[in-house]
Amino acid sequence: MPAGSDCRLVVLVSGGGTNLQALLDASADPSYGATVVAVGADRDDIEGLARAERAGVPTFVRKVDQFTSRGHWDSTLTDTVAAFEPDLVVLAGFMKLVGPEFLGRFAGRVVNTHPALCPSFPGTSGPADALAYGVKVTGATLFVVDEGVDTGPIIAQTVVPVQDDDDVASLHERIKVAERQMLVDTVGRIARDGFTINDRKVRIG
Ligand code: GRF
């Protein structure tokens, strides 16, 4: 992704949207270099959408079960996101795998944040799986989305300790504090300086 003027972000969410909120807060400063131009979701009535509405950012919802097939959902989601002309699409707690049409249209411009240190503990229960395994550190990973589940080229990682008395909620909350900081810092750097990928190695600037 080349460096640009003000980077247009479309953010997709499925839940509380604290990562989205961190991006909305950061982009209030013009020197951040990126603006959230739309927020999409795969479900209604979530705090993530309410956060966007309070910030005056347009929202949309595309639920898989509204469509005759997963492909039709993917196609409609692709067209809806494309209408906002994003430079970068940020999946921030979006609990669906985007499909081939989406990845084709926004190739190399879709990033996702995962609450574990990839390639460990992919999928929807990263904090629980890390806790069950007994690791002493875990964290979060920002990566460029590919066809796999949390397998794309890694842009940034942040590490947090696992404490002896952690449960899944306390561990995930500690991860999320670090994750939000990593997301804001890294998306800002990408927006201002661009990035390249060579043989899986991501270089910013
Ligand atoms: C984040 O930890 C994200 O990595 C995971 O779900 C959480 C979403 O948090 N997939 P929020 O909705 O941004 O508060």
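Just follow the structure's listing: the first ligand is 1, and inside any ligand the first atom is 1.
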Beyond-backbone contact of Ile175 with Pro127, side-chain heavy atoms, under 4.5 angstrom: yes

Co-members of Val98 in a cluster of I, L, V, M, F, W and Y side chains, linked at under 4.5 Å: Val10, Leu12, Val37, Phe60, Val64, Phe67, Trp73, Leu77, Val81, Phe84, Val89, Leu91, Phe94, Phe102, Leu103, Phe106, Val110, Phe143, Val145

Nearest neighbour in protein (non-hydrogen) for atom 6 (O) of ligand 1: Gly93 CA, 4.0 Å

Identity and distance of the protein heavy atom lying nearest atom 14 (O) of ligand 1: Thr18 OG1, 2.6 Å

Contact check, His172 vs ligand 1, heavy-atom distance below 4.0 Å: yes

Donor-acceptor side-chain pairing of Asp79 and Thr76 below 3.5 angstrom: no

Shared hydrophobic cluster, Val135 / Leu131 (ILVMFWY, side-chain heavy atoms < 4.5 Å): yes

Transitive ILVMFWY side-chain link Leu97 to Val90, under 4.5 Å: no

Ligand 1 atoms in contact with Thr113 (distance to a heavy atom under 4.0 Å): 4 (O)

Contacting atoms of ligand 1, where contact means under 4.0 angstrom from a heavy atom of Gly16: 12 (O)

CG-CZ distance between Asp65 and Arg70, expressed to the nearest 0.5 angstrom: 11.0 Å

Under 3.5 Å side-chain donor-acceptor pair for Glu179 and Thr113: yes

Heavy-atom gap Val13 to ligand 1 smaller than 4.0 Å: no

Gly17, any N or O under 3.5 Å of ligand 1 N or O: yes

Heavy-atom nearest option to atom 2 (O) of ligand 1, drawn from Arg51, Glu179, Glu47: Glu179

Ligand-residue contact atoms, ligand 1 with Lys176, heavy atoms, under 4.0 Å: 2 (O), 9 (O), 11 (P), 14 (O)

